[in-house]
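See below for the structure under consideration.
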Amino acid sequence: QVQDIHAQEEEQGRLGRFRDAWNAYYGHVPNALKVEYGKPDDNVKLNLMRLFVDKGVSFLFGKEANFRIDEEKERNPQEQYLDEVWLFNRKRTFLQTVGLSGGICGEAFVKIVPPGPANRLPRLINLEPATVSVRGDLHDIQSVHQYVIKYNSIDPQSGKAVAVRQ
């Protein structure tokens with residue numbers, strides 16, 4: 001019971017940090033100076049976080065990322081398949097959004113949707129970090145047991161709010 005309360009408090013703190021980080025990225029920060037009624041606002045807000053994050057993402061993914069399985073110049077069948085998957089998922093745009101999400105929140109998660117009747121290639125989804133919780137060994141942070149994806153949505157058929165958990 002106590003552990004559950006502690007875990008909930010920790011999760012709420014994590015979500016609050018994500019919210020604050022996104023607000024800072026978009027320049028929604030509190031004034032440094034108090035503004036008196038009827039007086040001019042002398043606050044100047046420099047959005048250094050956005051500059052820092054965008055520069056980091058550009059450094060990571062500004063040039064075309066290449067994935068190779070071997071050192072041969074000719075692309076082997078596995079590399080050709082990877083090229084198709086990346087083309088299907090718009091590699092540059094996808095990697096930029098994953099980098100942005102990770103740069104702001106400090107965590108990035110990608111969901112791989114296997115090929116199916118609608119798609120012959122796997123689909124990559126950049127997950128909002130606030131929707132993903134990592135469950136693992138309390139004594140070994142590298143031992144992950146489960147990734148839980150939770151978010152609220154609207155059911156397209158009924159129009160009612162639903163809680164989604166994967």
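Keep in mind that this is a model prediction, so the values were computed, not measured.
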Subject >> Whether over 12 other heavy atoms sit under 6.0 Å from I141 CD1 >> reply: no

Original post:
Can you name the residues that form a salt bridge (Lys or Arg N to Asp or Glu O under 4.0 Å) with E64, not counting sequence neighbours?
Top reply: K91, R92

Subject >> Between S101 and E128, a side-chain donor and acceptor under 3.5 Å >> reply: no

Original post:
Any side-chain donor paired with an acceptor under 3.5 Å for D20 and Y25?
Top reply: no

Original post:
Backbone N or O of D140 within a donor-acceptor pair of the S143 side chain at under 3.5 Å?
Top reply: no

Original post:
Do N76 and Q80 have side-chain heavy atoms sitting under 4.5 Å apart?
Top reply: no

Original post:
Checking N119 side chain against P115 main chain: does a donor-acceptor pair fall under 3.5 Å?
Top reply: no

**OP:** Specify whether H28 and Y26 have parallel, tilted or perpendicular ring planes, treating 30° as the upper limit for parallel and 60° as the lower limit for perpendicular.
**Re:** tilted

**OP:** Determine whether more than 12 heavy atoms belonging to other residues, nucleotides or ligands lie under 6.0 Å from atom CZ of F52.
**Re:** no

Original post:
Should D83 and R75 count as side-chain neighbours, where that means a heavy-atom distance under 4.5 Å?
Top reply: yes

**OP:** Kindly say whether G136 contributes a backbone atom to a donor-acceptor pair with the side chain of Q146 at under 3.5 angstrom?
**Re:** no

**OP:** Could you tell me whether the side chain of Q78 and the main chain of I69 form a donor-acceptor pair under 3.5 Å?
**Re:** no

Original post:
Heavy atoms, side chains only, cut-off 4.5 Å: are H145 and D137 in contact?
Top reply: yes

Original post:
Taking everything shown except R90 itself, do over 12 heavy atoms lie less than 6.0 Å from its CZ?
Top reply: no

**OP:** Answer whether the closest heavy-atom distance between the side chains of K160 and I154 falls below 4.5 Å.
**Re:** no

**OP:** If the plane angle is over 60° it's perpendicular, under 30° parallel, otherwise tilted; pick one for Y147 and F109.
**Re:** perpendicular

Original post:
Is it true that E84 and R120 have a side-chain N and a carboxylate O under 4.0 angstrom from each other?
Top reply: yes

Original post:
Judged by atom type as modelled, is there a donor-acceptor pair below 3.5 Å linking the side chain of E107 to the main-chain atoms of P129?
Top reply: no

**OP:** State, with a plain yes or no, whether a side-chain heavy atom of P114 is found less than 4.5 Å away from one of P122.
**Re:** no

**OP:** Starting at CE of M49, measure out to CD1 of I104 and round the result to the nearest 0.5 Å.
**Re:** 5.5 Å

Subject >> R123 vs I125 side-chain heavy atoms within contact, under 4.5 Å >> reply: yes

Original post:
Mind checking what makes side-chain hydrogen bond (donor to acceptor under 3.5 Å, both in side chains) contact with K150, not counting sequence neighbours?
Top reply: none

**OP:** Indicate yes or no: at least one non-hydrogen side-chain atom of R14 is less than 4.5 angstrom from one of S133.
**Re:** yes

Original post:
Is there a side-chain contact between D54 and L100 (heavy atoms, below 4.5 Å)?
Top reply: yes

Original post:
Side-chain donor-acceptor pair under 3.5 Å between N31 and K45, yes or no?
Top reply: yes

Original post:
So if you build clusters from Ile, Leu, Val, Met, Phe, Trp, Tyr with side-chain heavy-atom gaps below 4.5 Å, do V110 and L127 land together?
Top reply: no

Subject >> side-chain contact (heavy atoms from CB on, under 4.5 Å) between Q96 and V57, worked out >> reply: CA-CA 6 Å; Q96 291 274 336; V57 172; 3.3 Å; yes

